[in-house]
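Input: a single structure, listed below in structure tokens.
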Amino acid sequence: MINGVRIILPLIFVLFLSFGSNTHVHAQEKNTTTQGAVSYITGQNIYVKFENTEGIENGDTIFINKNEVLIPALVVQHHSTISCLCNPVGVNSFQIGDITVAKIKSKPKTEVTEIQIDNQIEKDVSEQVITSTSEKKSLRTTNMQDVAGTLSISSYSNFSNTESDNLHRFRYTFSMDAQNISDSKLSAETYISFSHKLNQWDLVREDLNNALKIYSLAVKYDFNNTTSLYVGRKINSKIANIGAVDGIQFQKDWNRLFVGVVGGTRPDFQNYGFNSKLLEYGAYIGQNQKFDNGFVQSSLAFFEQRNDGNIDRRFLYFQHSNSFIKNVNIFSSFELDLYKIENGQPQNTVSLTSLYLSLNYRISRRLSLFGSYDNRKNVIYYETFKSYTDAILQQASRQGLRFRINYRPVNLLNIGVNAGTRFMKNDTRKTNTLNGYATYSKVPLINSSLSLSTNLMQTSYLNGQVYGVRLSKDILKGKIYGSLNYRWVKFDYASSVSQLKQNIGEIDFSYQFSKKLYLSLNYEATFQKNEHFNRLYLNLRVKF
């Protein structure tokens, strides 16, 4: 198997470079880019906010910047004037505040007619985004039905020369957003996934929740433009840190102010199924305001959560988003616990249990700075495709104090440095990370992007080094994209003299047949002493 891979990878590399570097583009059109930020995540729906979405259409691809290489990551389902509702492609993970890039195709200015204005009026999805503003409501006065959805089929295979490590997993997902069903005030949304492993159907029969994950399943009724009621499982963007709620959510708006009440249960923390014993209820209040340079949104929530009738947690949650200062984006959130049991006795106390602060400052077209402090709880992944190396990198870099600088000294060349540090009570030593990269986005002759990267880390239990090189190419603009990636990994474990060395090769390929049909492939081969591992991920996505 190893010899076969060593023959196939160079062959694919040659074919990859052999595609023509020039693609015919009409002289009247010019491609530019615009940056957005991930503002809300629920199930497989990713919301991205832009200064404006002019030039972005439903079905367009949005990219993420991996070491200054643009990687296809999202497909636009719906868009309003400042935000896009997207579905992810591939195996990328997202966090609120992550920067995305959209390619804008600008066309010659034409006379704007009344028909063109009507076609630009889109369903407003920004109200579901954490960084939503007090953007004016759509000019439409009627409740017109708008239904869109996605069906996705994926397979994930992990096979190696150790038979016990072989794994074949299949995943089927369905998402739908139905606005104003039959032109009424009733809407519905859902995102459901079903996954199972080959020859392990007995686990599904044992407990359906081992395979079935309902991330969103709710109906909404709009009494009017300012009053709405949700019933079912839904993550509320105004109180996103609370997570999904199985129950009732009511919200009322007054110009820039909004208030809401929530009552229901929390999903089971083990399998994300329904659990009637995990009662929760609360209320929130907040404000939205838009300015010439941006927006300000704040919300404050009070919640009580119970477990089998007993108080499990009582806390305040606050979140704030701000782009009031030009070229500056601020996001913050914190939680204050108001209740605890000490020596068997309940006490009403105030303690800070979660804090996150971030600031992104774009000094100029060539220079940007980012800083954050993260003291939030670790993320629980009910479904993940992360490799061991990627999981270690994310775990080491997520929490603590972080700083990033991106600089473009000349056109086509980008360099950047990320640094972070963290020290927790149970850690025997600090966790320190340092990441650097340099990318040249248009290598002569092959018209591809070349990126070099370095990751150095020190955690409580290992010292790690990861060096990588990535070559990526938009083979046929808007249709075919491919990339080749190689990484050398070395982990030295602090508690022993053992070490882990890996050589990792990766191939990404995607083909967009149309705005409604998308295919992606990811293959990763990992070689280490006496062992080799292979990971293959295939995904076919159909929109309707």
Side-chain angles (χ1 to χ4, degrees), residues 21-23 25 29-38 48-56 60-74 92 94-95 97-106 293-294 323 325-331 358-372 393 397 402-420 433-456 466-475 477 481-487 508:
S21 60
N22 296 321
T23 302
V25 180
E29 298 178 349
K30 182 180 179 181
N31 288 323
T32 59
T33 61
T34 182
Q35 284 192 348
V38 174
V48 180
K49 180 181 179 298
F50 297 89
E51 289 187 5
N52 66 75
T53 58
E54 184 177 356
I56 300 177
D60 284 354
T61 300
I62 294 179
F63 301 80
I64 57 174
N65 204 323
K66 286 189 176 181
N67 296 333
E68 292 301 324
V69 177
L70 295 183
I71 307 297
L74 301 164
N92 301 295
F94 297 90
Q95 295 182 16
D98 286 352
I99 301 299
T100 65
V101 178
K103 293 184 177 181
I104 305 299
K105 183 179 292 185
S106 58
N293 291 331
S323 65
I325 303 174
K326 187 177 181 180
N327 296 327
V328 175
N329 286 280
I330 299 171
F331 181 82
S358 72
L359 186 147
N360 196 327
Y361 178 31
R362 187 178 181 184
I363 299 175
S364 66
R365 188 171 59 93
R366 298 188 180 275
L367 179 64
S368 63
L369 304 175
F370 174 83
S372 69
L393 287 172
S397 61
R402 301 204 56 77
F403 177 77
R404 181 177 70 235
I405 178 171
N406 294 322
Y407 180 55
R408 185 171 63 176
V410 296
N411 292 337
L412 304 181
L413 176 63
N414 293 273
I415 58 176
V417 176
N418 295 268
T433 59
L434 180 66
N435 163 246
Y437 61 84
T439 297
Y440 192 77
S441 59
K442 197 172 183 180
V443 179
L445 300 180
I446 60 175
N447 194 26
S448 303
S449 294
L450 177 65
S451 179
L452 305 175
S453 64
T454 300
N455 284 278
L456 305 176
V466 182
Y467 303 96
V469 55
R470 177 183 288 271
L471 186 67
S472 60
K473 182 179 179 65
D474 202 355
I475 301 170
K477 291 187 181 299
Y481 176 88
S483 69
L484 302 173
N485 186 29
Y486 169 77
R487 289 184 292 174
D508 281 298

Heavy-atom side-chain proximity of Ile330 to Tyr361 below 4.5 angstrom: no
Contact check, side chains of Asn447 and Lys442, non-hydrogen atoms, under 4.5 Å: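 A side-chain contact under 4.5 Å exists here.
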Which residues share a side chain to side chain donor-acceptor pair (under 3.5 Å) with [X], sequence neighbours left out:
{"X": "Arg362", "value": "none"}
{"X": "Asn418", "value": "Asn435"}
{"X": "Tyr486", "value": "Asn503"}

CA sep, side-chain torsions, deciding dist, call: Phe370, Ser368, side chain to side chain contact (heavy atoms under 4.5 Å, CB included): CA-CA 7 Å; Phe370 174 83; Ser368 63; over 6 Å; no
Spacing of [X] atom [atom1] and [Y] atom [atom2] [to the nearest 0.5 Å]:
{"X": "Asn406", "Y": "Asn360", "atom1": "CG", "atom2": "CG", "value": "8.5 Å"}
{"X": "Phe403", "Y": "Leu434", "atom1": "CZ", "atom2": "CG", "value": "12.0 Å"}
{"X": "Tyr440", "Y": "Ile415", "atom1": "OH", "atom2": "CD1", "value": "14.5 Å"}
{"X": "Leu369", "Y": "Leu359", "atom1": "CG", "atom2": "CG", "value": "9.0 Å"}
{"X": "Lys473", "Y": "Leu471", "atom1": "NZ", "atom2": "CG", "value": "8.5 Å"}
{"X": "Tyr437", "Y": "Asn455", "atom1": "OH", "atom2": "CG", "value": "11.5 Å"}

What heavy-atom pair brings [X] and [Y] nearest, and what distance separates the two atoms?
{"X": "Leu413", "Y": "Arg408", "answer": "O-CG, 2.9 Å"}
{"X": "Arg487", "Y": "Val466", "answer": "CD-CG1, 4.1 Å"}
{"X": "Ser448", "Y": "Ser472", "answer": "CB-O, 3.2 Å"}

Pair Ser451, Thr439: side-chain N/O donor-acceptor within cut-off below 3.5 Å: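 A donor-acceptor contact under 3.5 Å links the two side chains.
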Residue pair Ser483 / Arg470, side-chain donor-acceptor N/O under 3.5 Å: yes
